[in-house]
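Order of the sequence lines sets the chain letters (A, B, ...), proteins ahead of strands, with each chain counted from 1.
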Amino acid sequence: MSQIVTRFAPSPTGFLHIGGARTALFSYLLAKSQGGRFELRIEDTDRERSTPEATQAILDAMQWLDLQPDGETVFQHARADRHNEVIEQLLASGNAYYCDCTKEQVDAMRETARAQGKKPKYDGSCRERGLGPGPGRVVRLKTPLQGSVAYNDMVKGPIATACEEMDDMILRRSDGTPTYNLAVVVDDHDMGVTHVLRGDDHVNNTPRQILIYRALEWDVPEFGHVPMILGPDKKKLSKRHGALSVMEYQSMGYLPEAVVNYLARLGWSHGDQEVFTREELEQLFSVEHLGSSPSVFDTKKLEWLNAQYIVQADLNRLADLVLDVIREEAGDQEAANVDRDVLLRALPLLQPRAKTLVELAEASQFFLVDVSHLQYDEKAVNKFLKPDSLALLAEYTTALRGLDRFEEEALEALTKEFVEQRELKFKAIAQPIRVSITGRTASPGLFETMVVLGREQTLARLDRVQDFGL
RNA sequence: GUCCCCAUCGUCUAGUGGCCUAGGACGCCGGCCUCUCACGCCGGUAACGGGGGUUCAAAUCCCCCUGGGGACGCCA
């Protein structure tokens, strides 16, 4: 069997949204799982709405998700000559004809049909007029009057559409440009696309496109239509729901592999498995297990997956990403001041406590600043740094100063001994220490935190806290 | 209006006629662990939209209803 070819064909009229990303992912995985090729085509025939910025945004997003196309990216607009050549071919073979009906006339036809409770469509009045080319004229496909178009959708199963449902669609506009349906067919054919996996909203286009394939006597590819993604309110995902361009997930602190894993599991499954490596996805993916109903986007589950990937992530990479977040939120200067070595040592303590990189950056803050810049949570101070606690801490600090090995075990032993001698509960001093050295009530373990901070910072912070008693 | 698609826990889903007194995961609730917060571990909550068939047997097949969604452009 020859190699399969899939493609992703977005129109560059905006950012790559999460739904589009999933479609791209599925197409990519379908190709990889069969040892095939995955191509990218930018459908920029709508010159009004297409922008180079949007094209770049799509490319960036695909790169972030690591969905690299195999061939050269095809720009549909650049292929207009080829599209017109095929239209001429259709005209010559009698499968297409010129039509001089105006938009207004066609609108009127549709209006009439609708009023009669029928499907609004062009009535084909120019079909047999034998019109030639001329200004203002469009080229339409001669849709068969009877019969139906049937195909076996890779995800939805058999779908049939009666020809009466379809009108003679426009292939070439009056301004000479080819329409979407024509261009798609020509490009998919020329690119050797064998499997078209696309959004649900194209189901209705498919029989029309098959009609074009037939008129051209070209092999018809396999089609599959994946359901869309819904917002929490079960309405179609849109900007209003706050979900967004793929790149926004990056800035919200998600790891691309978490997004890919999440998206893969949204509408596709492999038994009970939830976490997949990229290799597993590329090997295991199959259209048989694509669901046929729309699915709701669940941020909580994405967060959970992201947390899983953060725990596993390589420390150097994580450090870079956290630095990116700091740069983004606090500026270049702030990021430049970070002691990468401290960050690297703090990260293992923070990993199991963060769901996103943003949280990770936030949680790492107290490790990275000097004692003079440490922020203290006011409530924490009021609750745990009262006079008697401060007195205790002063004693503790003195004891700590005498410790020669500033290591976890030694710190723990010293602290335990300190409370035992005073017949105190460990808890009595744990929170005061924590607030002193981190400024907060929640943090990683006390002793591992102290070790990362180092003797000097730890003692300096314990000293500084005495000022709260003044 | 016409045509098309869809329908299992709150959510993502497993399930391809008997293994289903419906499984897993997220979430939620409770517990354990514990210096806080997480992580982890243990347990719990919770679903086959309704009605007819077919069959010895239906979440699984068929029909109807209901409810969602999509499409009906010289947009893609």
Side-chain angles (χ1 to χ4, degrees), chain A residues 9-13 43-46 48-50 76 99 101-103 106-107 110 113-122 136-140 153 156-157 159-162 164-167 169-177 179-181 183-184 199-207 225 227-228 230 232 234-236 262 265-275 288-289 291-305 307 311 349-355 363 380 384 412 415 419 425-431 433-435 438 440-447:
Chain A
S11 55
T13 54
E43 311 226 312
D44 55 353
T45 50
D46 185 341
E48 297 287 303
R49 298 195 299 152
S50 300
Q76 192 162 59
C99 164
C101 295
T102 63
K103 226 179 257 184
V106 177
D107 284 346
R110 292 205 170 95
R114 197 185 282 268
Q116 293 170 359
K118 289 196 226 153
K119 186 106 179 171
K121 51 182 216 179
Y122 168 69
R137 293 182 183 178
V138 301
V139 175
R140 290 180 181 273
D153 194 284
K156 291 176 188 295
I159 293 180
T161 306
E164 296 92 85
E165 288 303 319
M166 299 176 271
D167 60 8
M169 71 182 126
I170 292 177
L171 267 17
R172 178 157 68 204
R173 303 183 184 96
S174 53
D175 68 358
T177 59
T179 57
Y180 167 75
N181 279 120
V184 167
D200 222 348
D201 46 338
H202 286 289
V203 253
N204 296 275
N205 285 325
T206 303
H225 294 90
M228 57 187 181
L230 271 24
K234 302 211 176 190
K235 291 269 199 304
K236 186 172 181 171
Y262 177 74
R265 268 302 271 105
L266 192 65
W268 176 79
S269 63
H270 183 260
D272 288 338
Q273 191 169 348
E274 295 288 348
V275 181
E288 287 80 56
H289 289 95
S292 47
S293 54
S295 28
V296 175
F297 192 88
D298 182 7
T299 307
K300 280 280 197 291
K301 190 158 182 179
L302 206 211
E303 280 180 352
W304 173 76
L305 265 170
V311 171
L349 313 189
L350 269 14
Q351 275 172 304
R353 286 167 237 265
K355 292 194 289 288
F384 294 107
E412 181 161 5
T415 310
V419 292
K425 291 275 187 194
F426 184 65
K427 291 189 186 219
I429 197 167
Q431 284 304 73
I433 296 175
R434 187 184 315 284
V435 174
T438 71
R440 333 173 173 197
T441 53
S443 81
L446 245 27
F447 310 117

Practice prompt. Ignoring hydrogens and angles, answer whether the base of B/A76 and the side-chain atoms of A/N205 contain a donor-acceptor pair closer than 3.5 Å.
Written response: yes
Worksheet item: Between B/C9 atom P and A/D298 atom CG, what is the distance in whole Å?
Response: 14 Å
Discussion item. Does B/G73 have its OP1 or OP2 closer than 4.0 Å to a side-chain nitrogen or oxygen of A/K103?
Written reply: no
Worksheet entry | P atoms of B/U60 and B/C6, separation to the nearest Å | 15 Å
Worksheet entry | Short side-chain N/O contact to B/A76 OP1/OP2 from A/T45, under 4.0 Å | yes
Worksheet item: When all nucleic acid strands are considered with a 4.0 Å heavy-atom cut-off, which category describes A/S292: base, sugar-phosphate, or nothing?
Response: sugar-phosphate
Worksheet item: Do the side-chain N and O atoms of A/T179 and A/N181 include a donor-acceptor pair separated by under 3.5 angstrom?
Response: no
Discussion item. If you only use heavy atoms from C-beta on, which nucleotide in B/C72, B/U36, B/C28 is closest to the side chain of A/K119?
Written reply: B/C72
Response to the item:
Ranking B/C39, B/C12, B/G70 by distance to the side chain of A/K301, first place goes to B/C12
Response to the item:
From NZ of A/K300 across to C1' of B/C28 the rounded distance in Å is 10 Å
Discussion item. Which nucleotide, if any, forms a Watson-Crick or G-U wobble pair with B/C20, using both distances under 3.5 Å?
Written reply: none
Discussion item. In this structure, how many angstroms lie between the P atom of B/C75 and the CD atom of A/Q76, rounded?
Written reply: 13 Å
Practice prompt. May I ask you to say what A/P10 touches in the nucleic acid, namely base, sugar-phosphate or nothing, with a heavy-atom cut-off under 4.0 Å?
Written response: nothing
Fill in: Of A/N181 and A/E165, the one whose closest RNA chain B nucleotide lies more 5'
A/E165
Discussion item. If I pick the C1' atom on B/G27 and the same atom on B/G44, what distance separates them, to the nearest angstrom?
Written reply: 14 Å
Worksheet item: Got a salt bridge between A/K156 and A/D200, using NZ or NE/NH1/NH2 to carboxylate O under 4.0 Å?
Response: yes
Worksheet, complete the sentence: Closest to the side chain of A/R114, out of B/G1, B/C35, B/C26, is B/G1
Worksheet entry | Complement of B/U34, any strand, by Watson-Crick or G-U distances under 3.5 angstrom | none
Worksheet item: Between A/E274 and A/L305, what is the shortest heavy-atom contact and its length?
Response: O-CD2, 4.3 Å
Practice prompt. Would you mind pulling out the nucleotide paired to B/A57, Watson-Crick or G-U wobble, both distances under 3.5 Å?
Written response: none
Item to complete: Report yes or no: does A/Q431 contribute a side-chain atom to a donor-acceptor pair with the main-chain N or O of A/T441 at less than 3.5 Å?
Response: yes
Item to complete: Run the salt-bridge test on A/K119 and A/E164 with the 4.0 Å N-O cut-off and return the result as yes or no.
Response: no
Worksheet item: Looking at the side chain of A/A430, which of B/C72, B/C35, B/G24 is the nearest nucleotide?
Response: B/C35
Item to complete: Remember a base hit wins even if backbone is also touched, and classify A/D167 as base, sugar-phosphate or nothing at under 4.0 Å, heavy atoms.
Response: nothing
Worksheet item: Is a donor-acceptor pair below 3.5 Å formed from side chain A/E274 to base B/G24, judging by atom type as modelled?
Response: yes
Item to complete: Please state whether the rings of A/F297 and A/Y262 are parallel, tilted or perpendicular, taking 30° and 60° as the class boundaries.
Response: perpendicular
Worksheet, complete the sentence: Atom NZ of A/K121 and atom P of B/C4 are separated, to the nearest Å, by 13 Å
Worksheet item: Looking only at atom P, what distance separates B/G18 and B/G1, rounded to whole Å?
Response: 40 Å
Worksheet item: Between B/G1, B/C3, B/C35, which nucleotide gets closest to the side-chain atoms of A/F426?
Response: B/C35
Practice prompt. Nearest whole angstrom, please: distance from the P of B/C3 to the CZ of A/R110.
Written response: 18 Å
Worksheet item: Can you tell me if NZ on A/K355 sees more than 12 non-hydrogen neighbours from other groups inside 6.0 Å?
Response: no
Discussion item. Give me the distance, rounded to whole Å, that separates B/G24 from B/C42 when you measure between the P atoms they each carry.
Written reply: 12 Å
Worksheet entry | Side chain A/R353 and base B/C37 donor-acceptor under 3.5 Å | yes
Worksheet item: Using a cut-off of less than 4.0 Å, is there contact between a side-chain N or O of A/R434 and OP1 or OP2 of B/U34?
Response: no
Item to complete: Looking at every strand, decide which applies to A/E43 at a 4.0 Å heavy-atom threshold: base, sugar-phosphate, or nothing.
Response: sugar-phosphate
Practice prompt. Spell out yes or no: do the side chain of A/S174 and the base of B/C74 have one donor N/O and one acceptor N/O closer than 3.5 Å?
Written response: yes
Worksheet item: When all nucleic acid strands are considered with a 4.0 Å heavy-atom cut-off, which category describes A/R49: base, sugar-phosphate, or nothing?
Response: base
Fill in: Rounded distance (nearest 0.5 Å) linking atom CE of A/M228 with atom CG of A/D201
8.5 Å
Discussion item. Classify A/C101 by what it touches in the nucleic acid, base, sugar-phosphate, or nothing, heavy-atom distance under 4.0 Å.
Written reply: base
Practice prompt. Write down the distance separating the P atoms in B/C61 and B/A25, rounded off to the nearest Å.
Written response: 26 Å
Discussion item. Please report the distance separating the C1' of B/G23 from the corresponding atom of B/G15, rounded so that it comes out in whole Å.
Written reply: 9 Å
Practice prompt. Please work out if A/M169 contacts a base, only the sugar-phosphate, or nothing of the nucleic acid, heavy-atom cut-off 4.0 Å.
Written response: nothing
Worksheet item: What integer distance in Å separates A/L349:CG from B/C39:P?
Response: 16 Å
Practice prompt. Considering only atom C1', compute the distance from B/C75 to B/A58 and round it to an integer number of Å.
Written response: 45 Å
Practice prompt. Quickly work out the A/I159 CD1 to B/G70 C1' distance and round it to whole Å.
Written response: 12 Å
Discussion item. Give me the distance, rounded to whole Å, that separates B/A46 from B/A22 when you measure between the P atoms they each carry.
Written reply: 11 Å
Fill in: Spacing of A/M228 atom CE relative to B/G68 atom P, expressed in whole Å
13 Å
Report all interatomic pairs (protein N or O, nucleotide N or O of nucleotides 13-20 of chain B) with separations under 3.5 Å.
{"unit_1": "B/U13", "atom_1": "OP1", "unit_2": "A/G267", "atom_2": "N", "d": "2.4"}
{"unit_1": "B/U13", "atom_1": "OP1", "unit_2": "A/S295", "atom_2": "OG", "d": "3.3"}
{"unit_1": "B/U13", "atom_1": "O3'", "unit_2": "A/S269", "atom_2": "OG", "d": "3.1"}
{"unit_1": "B/A14", "atom_1": "OP1", "unit_2": "A/S269", "atom_2": "OG", "d": "2.8"}

Practice prompt. Supply the atom-to-atom distance A/S443 OG to A/R353 CZ, rounded to the nearest 0.5 angstrom.
Written response: 7.0 Å
Item to complete: Can you figure out which of B/C35, B/A71, B/C75 approaches the side chain of A/L446 most closely?
Response: B/C35
Worksheet entry | Of A/K118 and A/A160, the one whose closest RNA chain B nucleotide lies more 5' | A/K118
Fill in: Distance in Å, A/D153 CG paired with A/I159 CD1, rounded so as to fall on 0.5 Å steps
4.5 Å
Worksheet item: Which base sits across from B/U11 as a Watson-Crick or G-U pair, both distances under 3.5 Å?
Response: B/A25
Discussion item. From C-beta outward on A/I170, which listed nucleotide comes closest to its side chain: B/C74, B/U11, B/A38?
Written reply: B/C74
Worksheet item: So, A/T438 versus A/R434: side-chain donor-acceptor pair below 3.5 Å or not?
Response: no
